[in-house]
Amino acid sequence: MASKARDSNSTEEIGFINVEERITSLFEPDTLGSAQYMENLRKKTLFEPEKRLMLALLEDAVNCFQVYVTAQGGRGRKLFNDAHEWIMRTDDEWIFSFVNLCETLGFNPAYVRQGLRRWKQKKLANIAPTAEDWRQKRMTG
């Protein structure tokens, strides 16, 4: 009888410990999660140079687009035209196409294009002479 009472007490303790251990384990670090995180980090690091190259290409194209938008000729106009053509092209056949770069980097290509078009319109509107400017120029010169 005494052994039966001991068994029931130890079962209750084991049950209590199991519940307590389960609750405590919710707040402990997940070692499997850490291993998975490190594996994902290693995979991400392997692709990081390629993504940096893609980002550099995209940044250079946007920079050429913005810096040379008002170029009248020569090298600046060629750089703008090349960037404009590459950005506005909608094909995704080439690995370094604008569409593929944007999608790989997590950008929406149509949204980026739209933003660049709006920027260009505002920039050209700010520098384009108005009718008043032309009138002033004719009167003075």
Side-chain angles (χ1 to χ4, degrees), residues 2-141:
S3 69
K4 201 172 190 179
R6 258 184 289 156
D7 288 342
S8 90
N9 282 343
S10 64
T11 305
E12 286 177 16
E13 281 182 29
I14 291 171
F16 176 72
I17 291 172
N18 285 341
V19 171
E20 187 174 317
E21 283 178 1
R22 280 188 250 151
I23 291 172
T24 306
S25 71
L26 293 173
F27 301 102
E28 291 178 356
D30 186 2
T31 55
L32 181 59
S34 298
Q36 289 171 337
Y37 172 77
M38 292 307 291
E39 184 177 331
N40 287 340
L41 182 62
R42 267 189 242 109
K43 286 180 184 177
K44 187 177 181 182
T45 306
L46 290 175
F47 293 114
E48 218 43 54
E50 289 86 354
K51 285 188 176 181
R52 284 196 308 259
L53 174 62
M54 290 177 164
L55 184 58
L57 287 169
L58 185 60
E59 285 176 335
D60 184 55
V62 170
N63 187 48
C64 287
F65 185 92
Q66 291 182 329
V67 169
Y68 299 112
V69 69
T70 59
Q72 298 298 313
R75 180 175 179 265
R77 194 67 198 167
K78 180 172 178 7
L79 288 170
F80 171 78
N81 287 338
D82 288 348
H84 183 268
E85 180 183 329
W86 181 72
I87 290 167
M88 297 305 159
R89 188 175 289 162
T90 58
D91 70 7
D92 61 354
E93 308 252 335
W94 184 45
I95 191 167
F96 288 107
S97 70
F98 177 77
V99 172
N100 284 336
L101 262 66
C102 284
E103 288 176 351
T104 300
L105 295 170
F107 302 122
N108 180 331
Y111 184 78
V112 175
R113 276 192 202 104
Q114 181 183 15
L116 288 170
R117 280 189 202 110
R118 284 185 188 162
W119 178 89
K120 180 183 170 188
Q121 287 174 345
K122 285 181 183 178
K123 179 75 172 180
L124 294 177
N126 288 337
I127 62 162
T130 63
E132 183 62 31
D133 292 336
W134 284 109
R135 207 173 300 118
Q136 289 283 338
K137 199 174 209 177
R138 271 195 332 188
M139 293 173 74
T140 59

>> So, using side chain to side chain donor-acceptor pair (under 3.5 Å) as the criterion, who are the partners of Lys78 when residues are at least two apart?
In response: Asp82

>> Please report the interatomic distance CH2(Trp86) to CG(Leu101), rounded to the nearest 0.5 Å.
In response: 5.0 Å

>> Test of understanding: with side chain to side chain donor-acceptor pair (under 3.5 Å), list the residues that count as partners of Glu103, not counting sequence neighbours.
In response: none

For residues 53-77, dump all side-chain donor-acceptor pairs below 3.5 Å to protein atoms at least two apart in sequence or in another chain.
unit_1 : atom_1 : unit_2 : atom_2 : d
Gln72  : NE2    : Thr70  : O      : 3.1
Arg77  : NH1    : Val69  : O      : 3.2
Arg77  : NH1    : Ala71  : O      : 3.1

> How would you list all residue pairs meeting salt bridge (charged side-chain N to carboxylate O under 4.0 Å, His left out) that involve residues 104-118, not counting sequence neighbours?
Replying inline: none

Which atom pairs, donor and acceptor, lie under 3.5 Å between side-chain atoms of residues 88-97 and protein residues at least two apart or in another chain?
unit_1 : atom_1 : unit_2 : atom_2 : d
Arg89  : NH2    : Glu85  : OE2    : 2.6
Ser97  : OG     : Trp94  : O      : 3.2
Ser97  : OG     : Asn100 : N      : 3.2
Ser97  : OG     : Asn100 : ND2    : 3.3

>> Does anything in residues 106-126 form a ring pair (Phe, Tyr, Trp, His ring centres under 6.0 Å)? List the pairs, not counting sequence neighbours.
In response: none

